[in-house]
2 protein chains.
Amino acid sequence: MTKARMHVLESISRAKEPLSARQLCERYAQEHDPATIYRALHYLEEKGSLDSFILHCSEHGTERYYVVHAGEHRHWFHCEHCHRFTDLGLCRFDTLVDQMSKEKGLSVTSHTFYATGICKECRDKGF
Amino acid sequence: MTKARMHVLESISRAKEPLSARQLCERYAQEHDPATIYRALHYLEEKGSLDSFILHCSEHGTERYYVVHAGEHRHWFHCEHCHRFTDLGLCRFDTLVDQMSKEKGLSVTSHTFYATGICKECRDKGF
DNA sequence: TATATTTTGCAAGTCATTTGCAAATTTCGC
DNA sequence: GCGAAATTTGCAAATGACTTGCAAAATATA
Ligand SMILES: [Mn+2]
Ligand SMILES: [Mn+2]
Ligand SMILES: [Zn+2]
Ligand SMILES: [Zn+2]
């Protein structure tokens, strides 16, 4: 594995929350070109080492976020004040999604869910 | 209300599925500038007449889609073959979202959900 | 180690969306 | 209805998140 790909995978593995391409580009601005970071992310996701989702936040706009692929998929909460993520745990929507697909005759291959608002820490600080 | 705003609101009201800014720009290419369509969408959403969400599809990329605001919010399925939406009905996630927010101490102000895959019509045609 | 294959940096391009600004339209008071 | 004042529009340029062509650099293979 190349240095760029290792760097990207290491950062995402160590992070306790999803990371955006932008965050990785900033962190490795001295070592790698943004194009290389984007290509590394694509390579690692294609290879099955990473999962990603697109989320829109008022401050950072619409960006794709990456997490390590660990079998079951999780969902996340994004704080609109501190812009950190809170892990909502493993997906609990499978029953409802199955129910909705059966009702409408759909073949669902994936779903996207995220919640936004104010996280515990920010609310405790009065926001 | 101006002509551009009326056109945009009429199209979205008549549509049986969410419309993207791109679709509206195409439909009104002769009458209005894209900037005007975008500004009309912002105005109508701000005013509370429209709701929107961002969805990523492999063919059309990441775009914002608009529906008329009708009290309760609904969720949608997007077909990756014909790129039409199927209405999944009113949101059934409130209980689960409340449960997750309580567990983590979050103030959830909104959530995004959508499913993708192959719709009934496309599957019946063999896709 | 020499050669073939893959990856990288850089620069330019794409695409959805936004913005500055002067001209056109709409709103208001009469 | 009519003209000034406020708002909106079109056009062109900018933004920001990615993507891509291409030749050079790194890596794998023999
Ligand atoms: Mn954010
Ligand atoms: Mn589509
Ligand atoms: Zn927070
Ligand atoms: Zn379909």
Side-chain angles (χ1 to χ4, degrees), chain A residues 1-12 18-67 78 80 83 85 112 114 116, chain B residues 1-12 15 17-67 78 80 83 85 112 114 116:
Chain A
M1 184 167 306
T2 69
K3 189 179 273 192
R5 291 171 180 173
M6 280 184 59
H7 280 163
V8 166
L9 187 53
E10 272 175 31
S11 282
I12 296 173
L19 294 182
S20 65
R22 188 179 44 78
Q23 292 173 299
L24 290 160
C25 288
E26 282 168 12
R27 180 169 320 190
Y28 293 111
Q30 270 63 53
E31 288 127 295
H32 309 289
D33 189 84
T36 304
I37 302 290
Y38 279 100
R39 285 191 275 231
L41 288 167
H42 292 155
Y43 169 85
L44 292 165
E45 185 164 24
E46 172 71 30
K47 188 172 161 268
S49 306
L50 296 180
D51 284 338
S52 75
F53 59 93
I54 286 172
L55 176 145
H56 176 91
C57 114
S58 49
E59 185 161 326
H60 299 97
T62 306
E63 292 182 292
R64 191 175 282 275
Y65 290 83
Y66 293 86
V67 294
H78 182 80
E80 287 282 5
H83 302 286
F85 284 91
T112 297
Y114 60 82
T116 58
Chain B
M1 185 168 305
T2 68
K3 189 179 274 192
R5 291 171 179 172
M6 280 184 58
H7 281 162
V8 166
L9 186 54
E10 273 175 31
S11 282
I12 297 173
E17 55 181 304
L19 294 182
S20 66
R22 188 179 44 77
Q23 291 173 299
L24 290 160
C25 288
E26 281 168 12
R27 181 169 318 191
Y28 293 111
Q30 269 63 53
E31 287 126 295
H32 309 289
D33 189 84
T36 304
I37 301 291
Y38 279 99
R39 287 190 274 229
L41 289 167
H42 293 334
Y43 169 86
L44 292 166
E45 185 165 24
E46 172 70 30
K47 186 171 161 271
S49 306
L50 297 180
D51 283 339
S52 75
F53 59 93
I54 285 172
L55 177 146
H56 176 90
C57 114
S58 49
E59 184 161 327
H60 299 98
T62 306
E63 293 181 291
R64 190 175 282 276
Y65 291 83
Y66 293 85
V67 294
H78 183 79
E80 288 282 7
H83 301 288
F85 284 92
T112 297
Y114 60 82
T116 59

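It should be emphasised that the depicted structure is a prediction, and the values quoted were computed from it without experimental measurement. The chains referred to below are lettered A, B, ... by the order of the sequence lines, with proteins before strands, and numbering in each begins at 1.
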query = Which heavy-atom pair separates A:S11 from A:L24 by the least distance, and what is that distance?
reply = CB-CD2, 3.6 Å
ask   = What's the shortest heavy-atom distance between B:A40 and B:R5, and which atoms?
value = CB-CG, 4.0 Å
ask   = Under the criterion side-chain hydrogen bond (donor to acceptor under 3.5 Å, both in side chains), which of A:R39, A:R27, A:H7 is the partner of A:H32?
value = A:H7
Using whole Å, report how far [atom1] of [X] lies from [atom2] of [N].
X: A:Y43; N: D:dT27; atom1: OH; atom2: C1'; result: 12 Å
X: B:R5; N: D:dT8; atom1: CZ; atom2: C1'; result: 7 Å
X: A:I37; N: C:dT7; atom1: CD1; atom2: P; result: 15 Å
X: A:K3; N: C:dT8; atom1: NZ; atom2: P; result: 12 Å
X: A:E26; N: D:dG16; atom1: CD; atom2: P; result: 12 Å
X: A:L41; N: C:dT7; atom1: CG; atom2: P; result: 15 Å
X: A:H7; N: C:dT8; atom1: NE2; atom2: P; result: 12 Å
X: B:M6; N: C:dT25; atom1: CE; atom2: C1'; result: 15 Å

ask   = Taking only N and O in the side chain of B:H32, is any of them less than 4.0 Å away from OP1 or OP2 of D:dG10?
value = yes
request  = Please determine if a side-chain N or O atom of A:T2 lies less than 4.0 Å away from the OP1 or OP2 oxygen of C:dT8.
outcome  = yes
ask   = Between the two end axes of the helix from C:dT1-D:dA30 to C:dC30-D:dG1, each built from 5 base pairs, what angle do you get to the nearest 10°?
value = 40°
key: Note, A:H60 side chain near A:R22 side chain (heavy atom, < 4.5 Å)   = yes
query = Going by heavy atoms in the side chains, are A:L9 and A:L50 under 4.5 Å from each other?
reply = yes
Passing candidate, side chain to side chain contact (heavy atoms under 4.5 Å, CB included) with B:Y28, options B:D33, B:T36, B:I37 = B:I37
message = Protein within reach of the bases, or only the backbone? For nucleotides 17-23 of chain D, mark each nucleotide 5' to 3' as B, S or -, using heavy atoms under 4.0 Å.
response = SSBBB--
query = Hey, does A:A40 reach any base, or is it just sugar-phosphate, or nothing, if we go heavy atoms under 4.0 Å?
reply = nothing
task = Hey, could you give me the CD/OG distance between B:E26 and B:S20, rounded to the nearest 0.5 Å?
result = 7.5 Å
query = What's the spacing between B:L55 CG and A:H56 NE2 if we round to 0.5 Å?
reply = 14.5 Å
ask   = How are the rings of A:Y65 and A:H78 set relative to one another: parallel (under 30°), tilted (30 to 60°) or perpendicular (over 60°)?
value = tilted
